[in-house]
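So the structure is just underneath, and the comments pick up after that.
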Amino acid sequence: MVKATMVGHVESVDTSGNYENSFVVTDEKMPDTKFVNHIKFLVSSKKTELMNKFKIGDKVKVTFYVTGITGESQKTGKHYQINKLMVGEIEVLESAKPTESQDTKDDREYSDVPL
């Protein structure tokens, strides 16, 4: 189970109208390590409605596939590999509990603010 920790902005990929949205999850299966495993997933323009299924803090199950390209830099001549984790489906396993500030609003908090 992973927890959604950040939702990115829509990014234009090319001029043909394709775009990607991204979000980051934190893997909670490794609590004994001092390093936190953050994983960035990309959602293609055809599947951006999947981003509406969850909010930050929800525990989610992400089904994904890996795409990749390989090439050689024209400047340095070095070989490179670029991989992307593309979302196939998102399932919310557990909704985030609202924080106190989201759950209730205390009118007294703003009593000293002039209107």
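All values reported here derive from a predicted model rather than from experimental measurement. Just so you know, residue 1 is the first one in the sequence shown, and it goes up from there.
Here the straight-line distance linking atom OG of Ser95 with atom NZ of Lys59 works out to 11.5 Å at 0.5 Å rounding. Considering CZ of Phe41 and OG1 of Thr63, their distance stands at 9.5 Å, rounded to 0.5 Å. Here the CD-CG distance, from Gln81 to Asn83, works out to 4.5 Å after rounding to the nearest 0.5 Å. Note that the OG atom of Ser22 and the CE atom of Met86 stand 10.5 Å from one another [nearest 0.5 Å]. Note that the CZ atom of Phe64 and the NZ atom of Lys84 stand 15.5 Å from one another [nearest 0.5 Å]. In this structure, CG on Leu50 lies 10.5 Å from CG on Asn21, to the nearest 0.5 angstrom.
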Under 3.5 Å, side-chain donor or acceptor atoms of residues 68-75 against the rest of the protein: list the pairs with distances, not counting sequence neighbours.
from	atom 1	to	atom 2	distance (Å)
Thr70	OG1	His79	NE2	2.9
Thr70	OG1	Tyr80	O	3.2
Ser73	OG	Lys75	N	3.3
Ser73	OG	Thr76	N	3.2
Ser73	OG	Thr76	OG1	3.2

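Cluster membership for Val66 and Ile82, using ILVMFWY side-chain heavy atoms within less than 4.5 angstrom, is not shared.
With sequence neighbours excluded, the residues satisfying side chain to side chain donor-acceptor pair (under 3.5 Å) with Glu89 are Lys53.
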_What verdict does the side-chain contact (heavy atoms from CB on, under 4.5 Å) test give for Leu42 and Leu85, after you've listed the backbone C-alpha separation in whole Å, the side-chain angles of each residue and the deciding distance to 0.1 Å?_
CA-CA 6 Å; Leu42 297 174; Leu85 303 178; over 6 Å; no

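Looking at Val92 and Glu94, their side chains never come closer than 4.5 Å, going by heavy atoms from C-beta outward.
Nearest approach of Lys47 to Val87, heavy atoms of both residues: CD-O, 3.6 Å.
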